[in-house]
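By convention in this document, chain letters (A, B, ...) are assigned in the order of the sequence lines, proteins followed by strands, and residues within each chain are numbered from 1.
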Amino acid sequence: MKVRITENLDIDLTKVMWCCHNCSQAIIDARENYKKGLLIAERQLEEVHPSLVSGQKFSFTHDQKYCRLIEFYCPNCGIMVENEYLPPGHPLTHDIELDIDALNAKHGV
Amino acid sequence: MSAKTYDRDHEVVQRLRPEPMTPEEAAAQGAIADIDFEIFCHKMQMITHEGKETTMKLGASTAMRAGDIAFGIFTAQGDLSICATGIYHHAVLGQIPIKYIVKHWLNESAVSVNDGDSFFYNDPFYGGVHAADMGLAIPVFYDGRLICFVGAAVHTGECGGSEPGGFVQNAKSKYDEGLIAPPIKVGENYTLREDILNMFAAMNRDPRAMILDIKARLAAARIAQRRILEVVEEQGVEFFVGSLRRVLKVTSEAARRKVSLLNDGVYRQPRFLDMIGTEAGLVKINLAVIKKGDRLTLDLTGSSPMMGGKPMNCFFQGIIGLAMVYFCGWFFNDLPANNGLLEAVDWKFPDDSFINAHGDTSTSLAPVVQVCFSLGMFLCGAKMVYSSNPDRASAPWYMGFGCPIYAGRNQHGEPVADVTPEVNGGGGGALSDHDGADVAGAWFATLSDCTDVEITETDRPILYLSRNLFSGSVGHGKYRGGAGVGIAMMVHHVPELAMGAFGSGAHFPMTLGLFGGYAVPPTFIQVVQGSNMDQLMHDNKEPLPRNLTEVYDAANPERGERAFEDVNMLVRPLHNGDTYYMSVGGGGGYGDAIQRDPEAVLRDLKFGRITAWAAQNIYHVVYDAEALRLDEAATQSRRQEVLEARKKIGRPYDEFMADWQKLSPPNDITQYYGAYPYPEKGVAPQPMTLAATM
């Protein structure tokens, strides 16, 4: 039995696994941070937020001294499951840590 | 004074949740029929809406005219019961000054609370935000019995700080912030005390607006008082008092029931501010929302320390107030907006943190801190609700402010000091099945708007060169955020005008996306001093920029001394004809942009919501650039290539982390952060700011 958790993620309660909603690929144990089961890449900020102005103190690109863009992809289909804007080297966020026992109980598993 | 001290009252600010039901309120419950209660609720809601509209129509400052108003009916103990607003933090925080009045002045013979009294307040310690947020409340009596309070809280554009416009970026302590008034009686016998108004006026750069705003609040409250007494006359005082309290009771019960439907767990979202006043710097708000059973706990342990001598701090109650903006507007959107909702919420703040300020510390830029926190609430909330109610999972609305400040003499020779209304021109966040609304408003003031430019031009010495949707403002995604506005202004008809701005997000994004949606681009300010724009308009010979995109185009013929400034720009004199440009950001994106309907991308391109660059490089759509005709097969093929490329550039977690964790920001931007990356492991908090003022 699968329960939809986000736009891009399900939890398979039977297998206790995070799964990609787009392609059903099993990602990692549902008690883990799902990001540990995804492919991770740092993108250059200009690739997503072009500056529009050049040679100035400020532009429409964020400052990479402050901020980096990290993208998380499904290892099977390549869909971007999530992204994070973080200062350089800041730990990745364990953003959803569900009580799996409570989730099972809620769904009668 | 009952507190026997003139120090701050730390007890009353803890009383954010409803007071216990009084014996009179409890006794009335059995006689209130459900249908009568429903009619009562509707009637009270209409009274508060009328109060909000009246305040808007009569007020003078920008925010009041734009509708940034919380107009509420409070119980006799001070709890907010009924409220008309989209600016929910004032609604929930507005009860603290009322509780202060009840606690300190009700039985204080030198002050007392009587029929016909008016009380004013703007001390941010009780209002929760900053000194520019001012309120006025009146007690309502029936047959000599205090039955409720009515009041309005609104941002007035100027509060007499050491910088104009209500935001003091150089503030070293609260003593730089101007007027700070705990609840004070300003009127008796339905008449405002002119001597007190005169004192307020003497402390303010824009006395006309401040005094008119006070009178507007009182006029609206008086109308509401009359309407309330009509209901009491008709239904009886016990019914009124009992029903007002019942609203809180049913709200609390419904809130807990609604929370209980969410999945138990912990939802986290660290937030980063890139500005600490006049200087850039990185600080962290560490938010974890713990959901268990029918309760939510907001845990902010691990946030950066208090910044002594800087204005980028806030009181804990302001954080709770801003959490309520999310709760009232999005999560508990179908419940009454009152502090009964807080029966489902607990909180945990670290001592000596910049989100739990104490002492004489300045909180002049608290609104920036609070909206930064709010984005965390938005994202944690979306991740909590998606599983049970995906329709309510919204990417964040624009949260960076981006608010021009001005002060000087207007074209009629009158003093003015305020902000322009474009802070209410941000884009709405994208949702699970549609794009965010363009120029949706300020997320914290959703019933307000950015008014017509002509209204601003009427009595402000500003000429708008353009104000329209900015194609570079949206957060991209499967569903994109709504566009915000780009504004181009010129100082007009006066020799000079001081201008600045406040906000955040020039370095680190204030508005993030959701579920793979992208953040909103930075905002910043461009100023051109000695601009030839006035001459260009006079000559009318060459095309002039019609929007912000064209302002940044190489073909823009404007010449002058061009400067790019942080969105938190310290006020400075500009002169007649100088120009000022700023974008107010759009909403955050939702989902992977590669999944966006290609036809929707071309529609966006046609209607100026996105750029051709974004269509090609973010959405990976292949099309005929002239006819905007989609090449479906080529687009599908192109997108498949991108998906395959991601699998090549993406690395497994351990491999990625091996390199990632070697990185850190430069030391010069983390001096206020605490230990990086975990602030709580850092140095002891800085000394209290009183020392900085001596």
Under a 4.5 Å heavy-atom criterion, the part of residues 9-29 of chain A in contact with chain B comprises Asn22(A)

Taking atom [atom1] of [X] and atom [atom2] of [Y], what is their separation to the nearest 0.5 Å?
X	Y	atom1	atom2	value
Leu261(B)	Lys106(A)	CG	NZ	7.0 Å
Arg68(A)	Leu663(B)	CZ	CG	5.5 Å
Tyr653(B)	Phe72(A)	OH	CZ	9.0 Å

With a 3.5 Å cut-off and no angle check, do the side chains of Tyr552(B) and Gln56(A) form a donor-acceptor pair?
no

Let me know if [X] has heavy atoms under 4.5 Å from chain A in its side chain, its backbone, both or neither.
X	result
Phe524(B)	side chain
Thr549(B)	neither
Phe508(B)	both
Lys284(B)	side chain
Leu514(B)	backbone
Glu655(B)	neither

When [options] are compared by non-hydrogen pairs under 4.5 Å with chain B, the top option:
options	value
Ile100(A), Leu103(A), Leu45(A), Leu86(A)	Leu86(A)
Cys77(A), Gly89(A), Gly78(A)	Gly89(A)
Asn33(A), Asn76(A), Asp101(A), Val3(A)	Asn76(A)
Thr93(A), Ile79(A), Leu92(A)	Ile79(A)
Leu52(A), Ile70(A), Leu69(A)	Ile70(A)
His49(A), His62(A), Met80(A)	His62(A)

Quick note, salt bridge (Lys or Arg N to Asp or Glu O under 4.0 Å) partners involving residues 81-90 of chain A, not counting sequence neighbours, are Lys35(A)-Glu84(A), Glu82(A)-Lys383(B)

From the list Trp613(B), Tyr267(B), Tyr678(B), the residue making the most non-hydrogen contacts under 4.5 Å with chain A is Trp613(B)

Would you say [X] and [Y] make side-chain contact, with heavy atoms under 4.5 Å?
X	Y	answer
Ile618(B)	Val48(A)	yes
Phe564(B)	Ser59(A)	no
Ile669(B)	Tyr66(A)	yes
Phe272(B)	Pro87(A)	yes

Heavy-atom nearest pair, Lys647(B) first then Pro75(A), reads CD-O, 3.3 Å

Applying a strict 4.5 Å limit to non-hydrogen atoms, the region of Val81(A) in contact with chain B is backbone

Okay, Glu71(A) and chain B: the region with an atom under 4.5 Å from a heavy atom over there is side chain

Checklist line | Geometric class of the Tyr676(B)/His90(A) ring pair [parallel <30°, tilted 30-60°, perpendicular >60°] | finding: perpendicular

